[in-house]
Chemist: 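Just dropping this structure here.
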Amino acid sequence: MNRFMLFIHKTGSPPWFYNFSGKLLPWTWGVFLVLLVAGLYLGLVKAPPDYLQGESARIMYIHVPSAYMSMMIYALMAVMGVIGLVWHVRMAEIMMISSAPIGAIFTAIALATGSLWGRPTWGTYWVWDARLTSELVLLFLYLGVIGLYAAYDEPRKAARAAALLALVGVVNLPIIHYSVTWWNTLHQPPSLTSEGSAIHPSMLVPLLIMVVAWKFFYISNLLVRTRLRLIEQDQRKRWVHHILSGADR
Amino acid sequence: MDQFRLHHGMDLLQAKPYHSPEFINFKCMISVSDLTLERYFEPVFQPVSFSISTGDLVLLTGDNGCGKTTLIRILAGVLAPSEGRIEWGDDGMIYVGHMLAVKDDLTVTENINFMRQFLGHSETSTAEIVERVGLRRVCEQTARTLSAGQRKRCALARLLLTDAKLWLLDEPYSNLDKHGMIMLDGILERHLRDGGACAMATHGSLRPEGFEYREIGMVSGAAS
Amino acid sequence: MSHTPFIVGSYLIALVLLGWCALAPVLQSNKLKRFILSRQLFTEEKDASDS
Amino acid sequence: MSHRTGASKAFLALVRRDLLLAFRRRSEMMQPLLFLLVVVSLFPLGVGPSPDLLGSIAPGVIWIAALLATVLSLDTLFRSDFEDGTLEQFAISGHPVTVIALAKIMVHWLVAGLPIVLLSPLLALWMNLPMDALDVLVITLLLGTPVLSLVGSIGGALTVSLKRGGQLLSLLVFPLYVPLLIIAANAVSAAVAGLPYSGQLGLMGAGLIAALTLAPFATAAALKLSLE
């Protein structure tokens, strides 16, 4: 088995994964914090206010990355779900269900910041804007996956049911997004905050930094949650006692 | 708790065909090696290995919670094992478990007729099957009004409906009265004589009378 | 109408949600580890007293 | 597996049996339809009887009521067969589980979907929908209710082994119904306004074909999972 396959095979074994991710975590958290500080500083202090909306455009540096992450995490969840369903890879199942709450939280952040952003620009907290509406439906999709996983009591079966639902959801995601956007154009003139307009580089750089910062947050939080589930599921196994009595991280 | 006595190798030597003189095609219907299932990351039963061939009657014994029903459902193909391998022969299987698959709103005849169209074909007419399982008196009543024993007989009628060679029975003798047990012995004996095989999960004294059988003792996973 | 309350509000909400999202598993894993260790000690004492 | 009849014979046997079972329990079959009538009749009480107001919200209300009525009847789609072990026998019978899922879905549509289409003229009358848009409403319901059953059966199969699966089922299924609701309600209101609606009907036809080909496989996978 060549080195790459050996590596893939080893990620399957819980103790190896636990130690490997343990070593990885400080680095991912570190990079996240550095990027966060850089992004916030550039976004809040350096970047000029938007010529159209003034200061409130600064909410964009939180809203846009969160909306992007909520879509990306759902797609990743479906991919991990397929791996878990087809090859019964336990690690993929655990990572799939661990990323569901993170995705739901990013969706909630996107919704909250979106409505707060809407208040100064549109005058009301909630506008049935195309993006906000599809974010809302995405939140229901996430809650459906989390709810279904919680409803089953046997973890392996729960993960496969949630994976199947995530797969059906990801097939429907583009359809929902386009039907909501089409529906929105029927009932309302195109809203002000369409990202289509070219963004000035000084505002684009913090935006990109924030997106990468959110990715590192996702990776680190996913590893933490995966390690938690590994310990929780294998709590009677020897490697857990060995690690805990060794009282390392 | 007696560990299973027969190892895979020995089992083939010992498996003498049933008392009828010769079998046209003595073949293995199902073979299982180091099979186990994990639920909540704990093995439900100790790994088992055995194979069932023409004319065999295999009893899966063990006290409650040792995984007999789980193993039977794995053999039936409903459950996928966590470890180990299982190979099925190409001739059919039929499974009668705790859940009898008898619809309460259909009469006995309707239940049997539906299963006939669904599961397979058999020359014996429904009336004759109803007669064989002793439900002639109640065959026009809906299954809701039947007693537990009568419902079990209605489920066992499925066995006569198809020419499936391998029977998977989960405590078939429970709820049956004396006549019911005699009836079941009869159809089981006839099935084995016709070159069929049967795996039966049973506990305690409810066992087939006067049959050659091989016993596999099941040990629950937690006992390791 | 100054926008600062909305900006501060949205960053605050994001901070709180992300903070809780990061913190929850850490707290839970500490609780779980304490529970496993205590049960482990309990079983060890029981084995010691049995043998 | 067991020597068996052809899958189509099994399909027909299953459809015939389920229709017989449904007619044996007519009262249970009527409940979603009564629910439909009740929900629609609540709207005039809620928003006031003014004809033009009701007329403007009629397409959405009728379609949402159809959606709710279908979801109500989805929970019993597989549950009775799951609990008495017949579903297990279907899975072992050697027939493809997709065929079995398709048969159950077809019966569910005949028993729950079609009556909604037949009742829609009455609903249109109550909601003061202009009569010239009635034909479009019936077409959208004819194209849409099978999709409600097909997509809904995935949720039904996923929650069949759960004791209180009913509430969870609606949470799982509603996001998947969003595109269908948007297009269908818009098609009818376009017809009311005299605008062209053929595009929307085309989309719904495509949705029906997609659901017909993809949903049974997801439902079959979910059923096999629930049986474990």
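Numbered from 1 within each chain, the chains take letters A, B, ... in sequence-line order.
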Chemist: Are A:D234 and A:R229 close enough for a salt bridge, meaning some N to O gap below 4.0 Å?
Modeler: no

Chemist: Which answer fits A:F32, side chain, backbone, both or neither, if we ask what part of it has an atom under 4.5 Å from a heavy atom of chain C?
Modeler: neither

Chemist: If we count only N and O atoms by modelled type, under 3.5 Å, do the side chains of A:S66 and A:W214 hold a donor and an acceptor together?
Modeler: yes

Chemist: Among C:S10, C:C21, C:P5, which has the most heavy-atom pairs under 4.5 Å with chain A?
Modeler: C:C21

Chemist: Counting only heavy atoms not in C:W20, do more than 12 fall under 6.0 Å of its CH2?
Modeler: no

Chemist: Could you tell me how the ring of A:W16 sits relative to the ring of A:F20: parallel (under 30°), tilted (30 to 60°) or perpendicular (over 60°)?
Modeler: parallel

Chemist: Relative to chain C, which segment of A:F106 carries a heavy atom at a distance below 4.5 Å: side chain, backbone, both, or neither?
Modeler: side chain

Chemist: Need one label for C:L32: side chain, backbone, both or neither, based on atoms under 4.5 Å from any heavy atom in chain A.
Modeler: side chain

